Amino acid sequence: MKPNPSFEQHPLDRLQALANEHYIHLLGVSTLPDPLVKNRMNDFYASWIHRGWAGTMNYLKTHGPLKYSPEAILPGCKSVIVVGLPYYQKGDWGSGKTMDLKNMASGRIARYAWGRDYHKTFRKKLLELGKEFFGNPSTTAHQREYRVFVDSGPLDERFFAHASGIGFTGRHTLTINHELGSWFFLGIILTTLDLPAMKPTNPYESSISPRGTCPKSCTRCIQVCPTGALQGPHALDASKCISYLTIEHRGAIPLELRPLMGDWIFGCDLCQEVCPLNLRVQETAIQDFLVLRAGPGQDLVELLALKTDQQFLKRFAGSPVMRVKREGIIRNACIAAGNKGGSECIGPLLEVIKRENPLIQDHARWALDRIHEGMEVRNGL
Ligand code: B12
């Protein structure tokens, strides 16, 4: 007997119920952007790339034609399901969650990378949600009814987050939600299913969404950025962003930016830390993020002494820090040592010069010069 359709749960209610079971806090659905909106967004994106703001992130250049075209990624795509997973946890810089960071030369790690790598945790949740909602892809007639992405896909996830109504685009370019601030990850499920949009908006018409806007005339995020990466509201020159420099950029860090990077060794949270909408945010309940891997900070002397990939792996296995590899974290530690370190870093930096490749040696020499300059100033020479 066929079920009476009037007793069937609405697909969005069923999706919401499943999301709740998986502790997925934010859920929204967006339709595909209409051609006018899409053209406008493609123009914005092309000019962003044209300005050189993507730096060496060449994948962003090749993603151009796909950025706002879900149907080019999943043929027949009709709806974009957007989900958000909170990662905020307490533990201020300086108080240290696992070590007393005040008493050592230490480098800061962005909050999103304190615990287990979110890509795996989030993807697993989305795959489970997808299976429960759509059925197992290997057993359904339409095998490509949905596709799951966490960060890895070419779509502009924040655009679809704003368009789905789960939050709005802040002046620092991140999606803000009134309960979670901007301390949450985004994930996407593309589907051929025609779902009704939950709270449709067009982010590029205005920065206002049904879920709010930045406080009028607040520019704290723009002012706090030490490298001037935020050139104005919604205008991020990523090639100057400390997050890009410490995580995505592989080569030498430009000399003029090094002194401005402070003690950040992986990512940066300055634009989020000063945001008034990021205060009084509840801690995440997701264990994978609460169990510290890299934690809020790392001892620079220990990082500079990481001689082998095995030692690096032992320290950072399962953490997002793995992305920069051993040489990347040593390069970043050199810069933090130059900016914040003292005499305790001199020996380890000399060892780095003996041991590492010319690129890392260059950063270590820079750090030594800066430490010596600082000492001379302090000694009144
Ligand atoms: C590349 C990338 C980066 C780059 C570039 C950042 C950026 N803002 O684009 C770098 C390495 C710098 C970076 C840093 C960070 N990232 Co990142 N990053 C991405 C990634 C992979 C692609 C983003 C992208 O396509 N950027 C392209 C440029 C063009 O976007 P844009 O600068 O916002 O420019 C557009 C707007 O300005 C818009 N625009 C123009 N005019 C107007 C006017 C109005 C009114 C509006 C609303 C918009 C608008 O048009 C431009 C072109 O489309 C996404 C995942 C994804 N696939 O979406 C994660 C993502 C954006 N990153 C994320 C995170 C967590 C971070 C960091 C916080 C990590 C850290 N702590 O170090 C920082 C934040 C820095 C910052 N202020 O953005 C999260 C953000 C979650 C959230 N709540 O928003 C994402 C979504 C990953 C995820 N799946 O969770 N990231």
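Every number for a ligand or one of its atoms is a count from 1 in the order of the listing. Positions are given from 1 along the sequence. Bear in mind that the values here come from a model prediction, so they are computed numbers and not experimental data.
Looking at Asp43, Asp151, Leu174, Leu236, it is Leu236 that brings a heavy atom closest to atom 6 (C) of ligand 1. Of the options Met41, Glu157, His172, Arg158, the smallest heavy-atom separation from atom 89 (N) of ligand 1 is shown by Glu157.
For Tyr118 and Tyr87, the gap between ring centers reaches or exceeds 6.0 Å.
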Hey, can you pull the donor-acceptor pairs under 3.5 Å for the side chains in residues 45-52, sequence neighbours left out?
unit_1	atom_1	unit_2	atom_2	d
Tyr45	OH	Leu60	O	2.6
Ser47	OG	Phe44	O	3.0
Trp48	NE1	Leu236	O	3.0

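The parts of His234 lying near ligand 1 are both backbone and side chain, judged by heavy-atom distances below 4.0 Å. With a 4.0 Å heavy-atom cut-off, ligand 1 is reached by the side chain of Gln272 but not by its N, CA, C or O. The part of Asp269 lying near ligand 1 is the side chain, judged by heavy-atom distances below 4.0 Å. Contacts with ligand 1 closer than 4.0 Å are made by heavy atoms of both the backbone and the side chain of Tyr45. Only the side chain of Thr169 comes within 4.0 Å of ligand 1, counting heavy atoms alone; its backbone N, CA, C and O stay farther away. Heavy atoms of Leu60 found under 4.0 angstrom from ligand 1 belong exclusively to the side chain. At a heavy-atom cutoff of 4.0 Å, ligand 1 is contacted by no atom of Ala54, backbone or side chain. Contacts between Phe149 and ligand 1 below 4.0 angstrom, taking non-hydrogen atoms only, are absent altogether. At a heavy-atom distance under 4.0 Å, only side-chain atoms of Lys67, from C-beta outward, approach ligand 1.
For the residue pair Pro33 and Met41, the shortest heavy atom distance occurs at CB-CE, 3.6 Å.
Considering backbone and side-chain atoms together, Tyr118 places no N or O closer than 3.5 Å to any N or O of ligand 1. Residue-to-ligand polar distances place Phe184 within reach of ligand 1: an N/O pair is separated by less than 3.5 Å. Here's the thing with Leu155: one of its N/O atoms is less than 3.5 angstrom from an N/O atom of ligand 1. Below 3.5 Å of separation, one finds no N or O of Tyr59 facing any N or O of ligand 1. At a 3.5 angstrom cut-off on N or O pairs, Phe44 does not count as close to ligand 1. Any N or O atom pair closer than 3.5 Å counts here, and Tyr87 shares no such pair with ligand 1. Inclusion of Leu186 in the set of residues having an N or O under 3.5 Å from an N or O of ligand 1 is warranted.
Heavy atoms from other residues, nucleotides or ligands lying under 6.0 Å from NZ of Lys124 number 12 at most.
For the residue pair Glu179/His25, the side-chain donor-acceptor check at 3.5 Å is not satisfied. With hydrogens and angles left out, the side-chain atoms of Asn278 and Ser182 include a donor and acceptor closer than 3.5 Å. Judged purely by distance below 3.5 Å, without hydrogens or angles, the side chains of Thr219 and Arg171 never pair a donor atom with an acceptor atom. Between the side chains of Tyr88 and Gln272, no donor N or O sits under 3.5 Å from an acceptor N or O.
Looking at Thr175, Thr169, Thr173 one by one, the single match for side-chain hydrogen bond (donor to acceptor under 3.5 Å, both in side chains) with Arg158 turns out to be Thr173.
Atoms of ligand 1 found under 4.0 Å from any heavy atom of Ser182, numbered from 1 in the order shown, are 83 (N). Atoms of ligand 1 lying under 4.0 Å from at least one heavy atom of Gly267, given by number and element, are 72 (O). Close approach of ligand 1 to Phe185 (heavy-atom distance below 4.0 Å) involves ligand atoms 90 (O). For ligand 1, the atoms lying closer than 4.0 Å to a non-hydrogen atom of Gly153 are 57 (N). Each of the atoms 14 (C), 15 (C), 69 (C), 70 (C), 72 (O), 73 (C) of ligand 1 lies under 4.0 Å from some heavy atom of Ser243. Residue Cys271 approaches ligand 1 through these ligand atoms, each under 4.0 Å from one of its heavy atoms: 77 (N). Residue contact check: Glu248 has heavy atoms under 4.0 Å from atoms 11 (C) of ligand 1.
In this pair, Tyr68 and Phe159 present their aromatic rings perpendicular. The plane angle is above 60°, beyond the 30 to 60° band.
Counting heavy atoms from C-beta outward, Leu245 and Pro254 have side chains that approach closer than 4.5 Å. Annotation: side chain of Leu155 is not in contact with side chain of Phe149 (no heavy-atom distance under 4.5 Å).
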Exercise for review: Starting from the C-alpha separation in whole Å, work towards a yes-or-no answer on side chain to side chain donor-acceptor pair (under 3.5 Å) for Tyr59 and Glu248.
Suggested key: CA-CA 11 Å; Tyr59 59 91; Glu248 297 297 318; 3.1 Å; yes
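At least one heavy atom of Tyr68 sits closer than 4.0 Å to an atom of ligand 1. Distances shorter than 4.0 angstrom do not occur between any heavy atom of Arg111 and any atom of ligand 1.
Under the salt bridge (Lys or Arg N to Asp or Glu O under 4.0 Å) criterion, Glu373 pairs with no residue at all, not counting sequence neighbours.
Between Asn357 atom CG and Asp362 atom CG the span is 10.0 Å, to the nearest 0.5 Å. The NE2 atom of His63 sits 8.5 Å away from atom CD1 of Ile73, with the distance rounded to the nearest 0.5 Å.
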